[in-house]
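Single-structure report; data block below.
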Amino acid sequence: MKKKASKKRFVLVANWKMNPDTLEEAKAIAGVFERKAKKSARASIVICPPAPFISALVGNGSKTVRIGAQDVDSRPNGSFTGSISAREVRAVGAEYAIVGHSERRAAGDTDAVVVEKVLRALEAGLRVILCVGEDKRDHNAQYLIAVRAQLMAVLSKVEKSKLRWITVAYEPVWAIGKSFATALSPRDIHEMSIFIKKTIAEAAGKEAGLRAQVLYGGSVNLENAGPMLSEGEIDGLLVGRQSLDIDAFLGIIDHADSI
Ligand code: PGA
């Protein structure tokens, strides 16, 4: 009998941003996700908590759930008060770092800074979730040019052999933190996923393009996550607000399992 091809796993990233207020809450939510993740056949969960909670969550029985940082500094170490290095994040057991989130870009991260952050994260042995996305949509395909430029900045500086450690999260800025009805349609997500893979293939070869993982983020919720995962031809989701709503996030994991 022909062996059934194993289905791909979806990567579901919980970007908690500057929430919750207490470690107790963070541990409680992470504990629920951990128990759910153990039973999930199709979802790989990554929680990106506020930096002060990373170490505690790594030690909180997160065997199945992976822990990531929401950002890392562009420099390896030094006199940069308040900054957090990729090596420090790795040293306490985190495995991922989000880099280039639009909220960091809005706070001053240029493409050049994003590239340095990606390089520091990779050097430290972290997997990178690289966020790209246009500020607004237009009818002249300027949004494709904007996304391509953000991608090429990184692709031109990272060794091809390291690209497997980078997952691209397409997050259109105009859809982040908005009404859930603003989220992109599965059809548009599919289009962008193809475009991103094509751009990677052009820059780094067909293999890299085929292997590339692309996530979608921006006003994902329990209702729109199902169609996105089943029809959007993506490898997962980056979830902000609804990753702190336990029922919603568990429901999103259920969607992944039901496909
Ligand atoms: P949101 O955030 O799901 O609350 O829109 C997504 C993000 O910023 O990563």
Side-chain angles (χ1 to χ4, degrees), residues 10-21 25-26 29-30 33 43-51 53-54 65-72 94 96-109 114 117-118 121 126-137 143 146-147 150-151 154 166-186 188-189 192-193 196 213-229 232 234-256:
F10 291 108
V11 180
L12 301 179
V13 183
N15 177 15
W16 286 357
K17 310 193 180 185
M18 204 165 70
N19 309 286
D21 290 339
E25 275 177 277
I29 305 170
F33 291 0
S44 297
I45 317 288
V46 181
I47 301 177
C48 297
F53 299 159
I54 289 177
V65 167
R66 304 286 159 210
I67 305 297
Q70 296 172 13
D71 189 30
V72 291
Y96 286 80
I98 296 175
V99 176
H101 191 280
S102 67
E103 284 154 15
R104 300 306 328 159
R105 290 184 191 260
D109 282 8
V114 169
K117 290 184 171 190
V118 168
L126 293 166
R127 289 177 181 273
V128 171
I129 298 161
L130 171 68
C131 297
V132 297
E134 77 281 1
D135 291 334
K136 54 180 192 300
R137 279 268 160 151
Y143 68 97
V147 169
Q150 289 176 344
L151 276 174
V154 172
I166 300 180
T167 297
V168 177
Y170 169 59
E171 295 210 301
V173 179
W174 51 267
I176 295 176
K178 299 285 168 12
S179 135
F180 294 113
T182 321
L184 223 58
S185 68
D188 286 342
I189 292 174
M192 189 53 94
S193 157
I196 289 171
Q213 277 193 318
V214 180
L215 316 182
Y216 169 79
S219 295
V220 172
N221 73 355
L222 179 57
E223 280 72 43
N224 60 30
M228 283 176 187
L229 290 172
I234 36 164
D235 301 289
L237 299 167
L238 201 167
V239 187
R241 285 159 293 164
Q242 292 263 284
S243 68
L244 284 149
D245 177 324
I246 292 183
D247 289 341
F249 200 70
L250 295 186
I252 294 172
I253 298 172
D254 285 336
H255 281 315

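Note that ligands are numbered from 1 as they come in the structure, with each ligand's atoms numbered from 1 the same way. Keep in mind that the numbers below use all heavy atoms, side chains included, and drop hydrogens, waters and symmetry copies. Positions are given from 1 along the sequence. No experiment lies behind these values; they were computed from the predicted model shown.
Given atom 2 (O) of ligand 1, the protein heavy atom at minimum distance is Lys17 NZ, 3.2 Å. Scanning the protein for heavy atoms near atom 4 (O) of ligand 1, the closest one is Arg241 NE, 2.7 Å.
Between atom CG of residue Leu130 and atom OG1 of residue Thr167 there is a gap of 9.5 Å, rounded to the nearest 0.5 Å. Taking CG from Leu215 and CD1 from Ile129, the interatomic distance works out to 7.0 Å, rounded to the nearest 0.5 Å. Rounded to the nearest 0.5 Å, atoms OH (Tyr216) and CG (Asp188) are 9.5 Å apart. How far CG of Asp245 is from CG of Leu250: 9.0 Å, rounded to the nearest 0.5 Å.
What you find for His255 and Ala225 is that their closest heavy atoms are CD2-CB, 4.1 Å.
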Solution key, residues 12-20 side-chain donor-acceptor pairs under 3.5 Å, sequence neighbours excluded:
| from | atom 1 | to | atom 2 | distance (Å) |
| --- | --- | --- | --- | --- |
| Asn15 | OD1 | Lys17 | N | 3.3 |
| Trp16 | NE1 | Ser243 | O | 3.2 |
| Lys17 | NZ | Glu103 | OE2 | 2.9 |
| Asn19 | ND2 | Trp16 | O | 3.1 |

Which side-chain N or O atoms in residues 169-181 pair as donor and acceptor under 3.5 Å with protein atoms at least two apart or in another chain?
| from | atom 1 | to | atom 2 | distance (Å) |
| --- | --- | --- | --- | --- |
| Tyr170 | OH | Glu134 | OE1 | 2.8 |
| Tyr170 | OH | Glu134 | OE2 | 2.9 |
| Tyr170 | OH | Arg137 | NH2 | 2.9 |
| Glu171 | OE1 | His101 | NE2 | 3.3 |
| Trp174 | NE1 | Glu134 | OE2 | 2.9 |
| Ser179 | OG | Ala181 | N | 3.0 |

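Residue Ile176 touches ligand 1 through backbone and side chain together, judged by heavy-atom distances below 4.0 Å.
At least one heavy atom of Gly177 sits under 4.0 Å from some atom of ligand 1.
When the heavy atoms of Gly133, Gly240, Ala14 are ranked by distance to atom 1 (P) of ligand 1, first place goes to Gly240. Taking each of Lys178, Gln242, Glu171 in turn, the one with a heavy atom nearest to atom 7 (C) of ligand 1 proves to be Glu171.
Each of the atoms 9 (O) of ligand 1 lies under 4.0 Å from some heavy atom of Asn15. Close approach of ligand 1 to His101 (heavy-atom distance below 4.0 Å) involves ligand atoms 7 (C), 8 (O), 9 (O). Atoms of ligand 1 found under 4.0 Å from any heavy atom of Leu238 (numbered from 1 in listed order, with element): 9 (O).
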